[in-house]
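Both backbone and side-chain heavy atoms feed into the values below; hydrogens, waters and symmetry mates do not.
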Amino acid sequence: MSDAKKLAAEKAIDYVQDGMIVGVGTGSTVAYFIDALAAWKDRIAGAVSSSEQSTARLKAHGIEVLDLNATGPLALYVDGADECDAHKRLIKGGGAALTREKIIAEASARFVCIIDPSKQVEVLGRFPLPVEVIPMARSLVAREILRMTGGQPVWRDGVITDNGNWILDVHNLAITDPVALERELNQIPGVVSVGLFARRPADVVIVGGQPPRVL
Ligand code: 5RP
């Protein structure tokens with residue numbers, strides 16, 4: 001799969017243009033994208049990063065990391081996903097960076113999602129849905145999610161997000177209406193964000209392969 005991830009990531013460079021500030025996601029596929037972006041470091045104006053992990057890799061390549069508050073809207077965001085359906089709706093957050101990823105996706109005119117073929121699904125939910133929660137609300141949110149969806153929330157014990165919060169992974173969901181579920185879960189007090197990217201899906205999906213497929 002790492003070959004497919006690399007091929008998808010390198011294809012995403014086609015969307016980078018001179019002078020751009022590039023939004024950068026998180027994960028092993030994005031790591032390949034950051035490595036490819038290094039060749040562009042003197043041609044782009046910098047990057048906005050979705051995690052401490054990506055920030056470290058960007059800086060190691062000498063790519064300037066900028067604050068989203070200072071840059072304003074971005075032209076391009078490149079990120080991976082844990083699942084992707086035919087409508088380019090995603091589950092993300094396997095790397096616990098979902099909240100900052102969602103913020104940058106929202107701020108970006110074009111969201112290019114880079115995946116290997118194993119991430120493509122007919123119905124979202126086989127991958128446990130990550131939900132970032134304020135720590136004191138963990139059991140309240142877990143009970144509400146169980147009541148509302150029937151899915152089984154499991155605390156990702158030992159993981160603290162870059163925002164100082166915790167993650168619940170919700171197992172056994174078959175998400176037939178991702179937009180509605182995203183909206184409903186966002187209403188629970190204590191939920192910081194939900195790893196469903198349905199209201200704002202990807203605009204372009206690149207599936208790694210020889211050659212990569214652009215959807
Ligand atoms: C991080 C994410 C990642 O994009 C997702 O987990 C995919 O990761 P990888 O590219 O390592 O398979 O959402 O929060």
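The heavy-atom pair separating His171 from Pro128 by the smallest distance is CE1-CG, 3.4 Å. In plain terms, the two heavy atoms of Ala202 and Leu90 that are nearest each other are CB-CD1, 4.2 Å. Contact record, Tyr32 with Ala9: CB-CB, 3.5 Å, taken as the closest heavy-atom pair. Between Ala75 and Met20, the shortest heavy-atom contact is CB-CE, 3.9 Å. Ala45 and Glu64 get closest at one heavy-atom pair: O-OE1, 4.2 Å. Val205 and Cys84 get closest at one heavy-atom pair: CG2-SG, 3.8 Å.
At a threshold of 4.5 Å between non-hydrogen side-chain atoms, the residues Val112 and Tyr77 do not count as touching. Contact of the Leu98 side chain with the Ile167 side chain is registered, since non-hydrogen atoms from C-beta on lie closer than 4.5 Å. A heavy-atom distance below 4.5 Å is not found between the side chains of Trp166 and Val159. Side-chain contact between Val48 and Val65: absent, with no pair of heavy atoms (C-beta onward) separated by less than 4.5 Å. Taking the side chain as every heavy atom from C-beta outward, Val16 and Leu37 approach each other to under 4.5 Å. Between Cys113 and Ile115, some side-chain heavy-atom pair lies under the 4.5 Å cut-off. Side-chain contact between Leu129 and Thr149 is absent, with no heavy-atom pair separated by less than 4.5 Å. With contacts defined as side-chain heavy-atom distances shorter than 4.5 Å, the pair Asn165/Pro135 qualifies.
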When you look at Ile104 and Val24, which way does the side chain to side chain contact (heavy atoms under 4.5 Å, CB included) test go after all the steps? CA-CA 8 Å; Ile104 304 177; Val24 175; over 6 Å; no
Between Val141 and Leu168, does a side chain to side chain contact (heavy atoms under 4.5 Å, CB included) hold up when you go through it step by step? CA-CA 9 Å; Val141 172; Leu168 292 171; 3.8 Å; yes
Taking it one step at a time, do Leu76 and Leu74 satisfy side chain to side chain contact (heavy atoms under 4.5 Å, CB included)? CA-CA 6 Å; Leu76 176 66; Leu74 304 179; over 6 Å; no
Using the side chain to side chain contact (heavy atoms under 4.5 Å, CB included) rule, take Asp203 and Lys88 through it: C-alpha gap first, then chi angles, then the decisive distance, then the call. CA-CA 7 Å; Asp203 301 303; Lys88 304 186 176 77; 5.9 Å; no
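Residue pairs that meet the side-chain hydrogen bond (donor to acceptor under 3.5 Å, both in side chains) test with at least one member in residues 206-215, sequence neighbours left out, are Gln120-Arg213. Applying the side-chain hydrogen bond (donor to acceptor under 3.5 Å, both in side chains) test to every pair with at least one member in residues 179-190, sequence neighbours left out, gives these pairs: Lys102-Glu182. Pairs passing the ring pair (Phe, Tyr, Trp, His ring centres under 6.0 Å) check and including a residue from residues 179-215, sequence neighbours excluded, do not occur.
Separating the CD1 atom in Ile114 from the OH atom in Tyr15 is a distance of 11.5 Å, to the nearest 0.5 Å. From Leu173, atom CG reaches atom CZ of Arg126 across 13.5 Å, with rounding to the nearest 0.5 Å.
Between the side chain of Asp79 and the backbone N or O of Thr26, at least one donor-acceptor pair lies under 3.5 Å. Within the 3.5 Å criterion, the main-chain N or O of Gly150 finds a donor-acceptor partner in the side chain of Gln152. A donor-acceptor pair under 3.5 Å links the side-chain atoms of Thr55 to the main chain of Ser51, judged by distance alone. With hydrogens and angles disregarded, a donor-acceptor distance shorter than 3.5 Å links the side chain of Glu83 to the backbone of Phe127. Using modelled atom types, no side-chain atom of Lys41 and backbone atom of Gly62 make a donor-acceptor pair closer than 3.5 Å. Side chain of Asp116 to main chain of Ser118: a donor-acceptor pair is present (N/O by atom type, distance under 3.5 Å, no hydrogens or angles). At distances below 3.5 Å, at least one donor-acceptor pair connects side-chain atoms of Ser54 with backbone N or O atoms of Gly25. Between the Lys92 side chain and the Gly80 main chain, a donor and an acceptor come within less than 3.5 Å of each other.
For Arg89, the side chain to side chain donor-acceptor pair (under 3.5 Å) partners are Asp85, not counting sequence neighbours. For the side chain to side chain donor-acceptor pair (under 3.5 Å) test, no residue two or more places apart in sequence or in another chain qualifies with Asp162. Taking the side chain to side chain donor-acceptor pair (under 3.5 Å) definition, one finds that Ser139 meets it with nothing, sequence neighbours left out.
Leu124 is connected to Leu185 through a chain of hydrophobic side-chain contacts under 4.5 Å among Ile, Leu, Val, Met, Phe, Trp and Tyr, so both are in one cluster. The same ILVMFWY cluster, assembled from side-chain heavy atoms under 4.5 Å apart, contains both Ile188 and Leu196. Ile134 and Ile160 fall into different hydrophobic clusters, defined by Ile, Leu, Val, Met, Phe, Trp and Tyr side-chain heavy atoms under 4.5 Å apart, directly or through other members. Taking hydrophobic clusters as Ile, Leu, Val, Met, Phe, Trp and Tyr residues chained together by side-chain heavy-atom distances below 4.5 Å, Val30 shares a cluster with Ile44. The cluster map of Ile, Leu, Val, Met, Phe, Trp and Tyr, joined by side-chain heavy atoms under 4.5 Å apart, puts Val204 and Ile13 in the same cluster.
The 12-atom threshold is not exceeded at CZ of Arg110, counting heavy atoms of other residues, nucleotides or ligands nearer than 6.0 Å.
No hydrogens or angles considered: nothing links the side chains of Ser193 and Glu132 as a donor-acceptor pair under 3.5 Å.
Salt bridge status for Asp169 with Arg156: present, with a side-chain N to carboxylate O gap under 4.0 Å. We find that Lys5 and Glu10 are not joined by a salt bridge, their nearest charged nitrogen and carboxylate oxygen being 4.0 Å or further apart. Salt bridge status for Glu106 with Arg199: present, with a side-chain N to carboxylate O gap under 4.0 Å. Contact check on Asp35 versus Lys6 returns no salt bridge, with no Lys/Arg side-chain nitrogen under 4.0 Å from an Asp/Glu carboxylate oxygen. Taking 4.0 Å as the cut-off between side-chain N and carboxylate O, Arg43 and Asp18 count as a salt-bridged pair.
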